[in-house]
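Just so you know, these numbers come straight off a predicted model, no measurement behind them. In what follows, residues are counted from 1 in the order of the sequence shown. Values below: all heavy atoms of this structure, side chains included; hydrogens, waters and symmetry mates excluded.
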Amino acid sequence: MKIKFFGLFLALAFTLSACKTNHRTTVPTANIKDVVNNSDVVLVDVRIPEQYAAGTAKNAINIPLAEIQNNVETLKAKKVVVFCNKGIQADQAMEILKKNGVEAYDGTSWKNVKAIQDETNKKAN
């Protein structure tokens with residue numbers, strides 16, 4: 001009985017030690033309101049140019065999702081907030097940027113980012 005228990009314990013120990021996972025890069029945790037209002041942040045609207053032209057957040061630049069991979073190098077070493085209409089394209093942009101080492105934050109929608117800016121401006125006045 002002792003040998004069976006020892007064998008089971010040994011097998012369990014090997015199994016658990018073999019299941020060690022790689023540590024992922026820690027994702028920056030910050031209040032999105034603080035990030036949006038940071039003067040060092042780059043606001044990136046990932047919608048198509050026609051949607052961007054129809055309305056966006058203050059000081060936002062337009063880099064459509066289809067072009068985000070080609071612009072990774074220009075965004076490195078910067079804090080970036082990405083957003084679109086509903087957050088779907090922003091999620092895809094986040095994945096691309098983080099995979100390439102860009103400090104990116106999800107602003108979800110341009111209306112959300114604009115509302116944060118408007119709220120901050122109200123408090124300042």
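Shown here is Lys76, whose NZ atom has more than 12 heavy atoms of other residues, nucleotides or ligands within 6.0 Å. Glu95 CD: 12 or fewer foreign heavy atoms inside a 6.0 Å radius.
By the 4.0 Å N-to-carboxylate-O rule, Glu119 lies close enough to Lys33 to be salt-bridged with it.
Residues Val44 and Val81 form no side-chain contact, since every pair of their non-hydrogen atoms from C-beta on lies 4.5 Å or further apart. Counting heavy atoms from C-beta outward, Gln117 and Val36 have side chains that approach closer than 4.5 Å. In this structure the side chain of Val35 never reaches within 4.5 angstrom of the side chain of Asn31, judged on heavy atoms. A heavy-atom distance below 4.5 Å is found between the side chains of Asp118 and Lys114. Between Phe83 and Val46 there is no side-chain heavy-atom pair separated by less than 4.5 Å. Pro49 places a side-chain heavy atom less than 4.5 Å from the side chain of Pro64. Between Leu97 and Val82, some side-chain heavy-atom pair lies under the 4.5 Å cut-off. Using a 4.5 Å heavy-atom threshold, the side chains of Gln51 and Asn85 count as touching.
A distance of 13.5 Å separates NZ in Lys86 from CH2 in Trp110, rounded to the nearest 0.5 Å. Between Asp106 atom CG and Lys98 atom NZ the span is 8.5 Å, to the nearest 0.5 Å. Rounding to the nearest 0.5 Å gives a distance of 11.5 Å between CD1 of Ile96 and CG of Asp91. Here the CG atom belonging to Asp45 is positioned 8.0 Å from the SG atom belonging to Cys84, to the nearest 0.5 angstrom.
Nearest heavy-atom pair, Lys78 versus Thr74, reported as atom, atom and distance to 0.1 Å: NZ-O, 3.1 Å. Shortest non-hydrogen contact noted between Asn38 and Lys79 is ND2-NZ, 3.4 Å.
A continuous path of ILVMFWY side-chain contacts below 4.5 Å connects Val72 to Ile68, so both sit in one hydrophobic cluster. Under the 4.5 Å side-chain heavy-atom criterion for Ile, Leu, Val, Met, Phe, Trp and Tyr, Val80 and Leu65 are members of the same hydrophobic cluster. Cluster annotation: Leu43 and Ile32 are assigned to the same hydrophobic cluster (Ile/Leu/Val/Met/Phe/Trp/Tyr, side-chain heavy-atom contacts under 4.5 Å, transitive). Using a 4.5 Å cut-off between side-chain heavy atoms of Ile, Leu, Val, Met, Phe, Trp and Tyr, with links allowed through other members, Met94 and Leu75 fall into the same hydrophobic cluster. If you chain together hydrophobic residues whose side chains sit under 4.5 Å apart, Val113 and Ile61 never meet in one group.
Between Arg47 and Asn62, the side chains place no donor N or O within less than 3.5 Å of an acceptor N or O (distance only, hydrogens not considered). Between Asn37 and Thr120, the side chains place a donor N or O and an acceptor N or O closer than 3.5 Å (distance only, hydrogens not considered).
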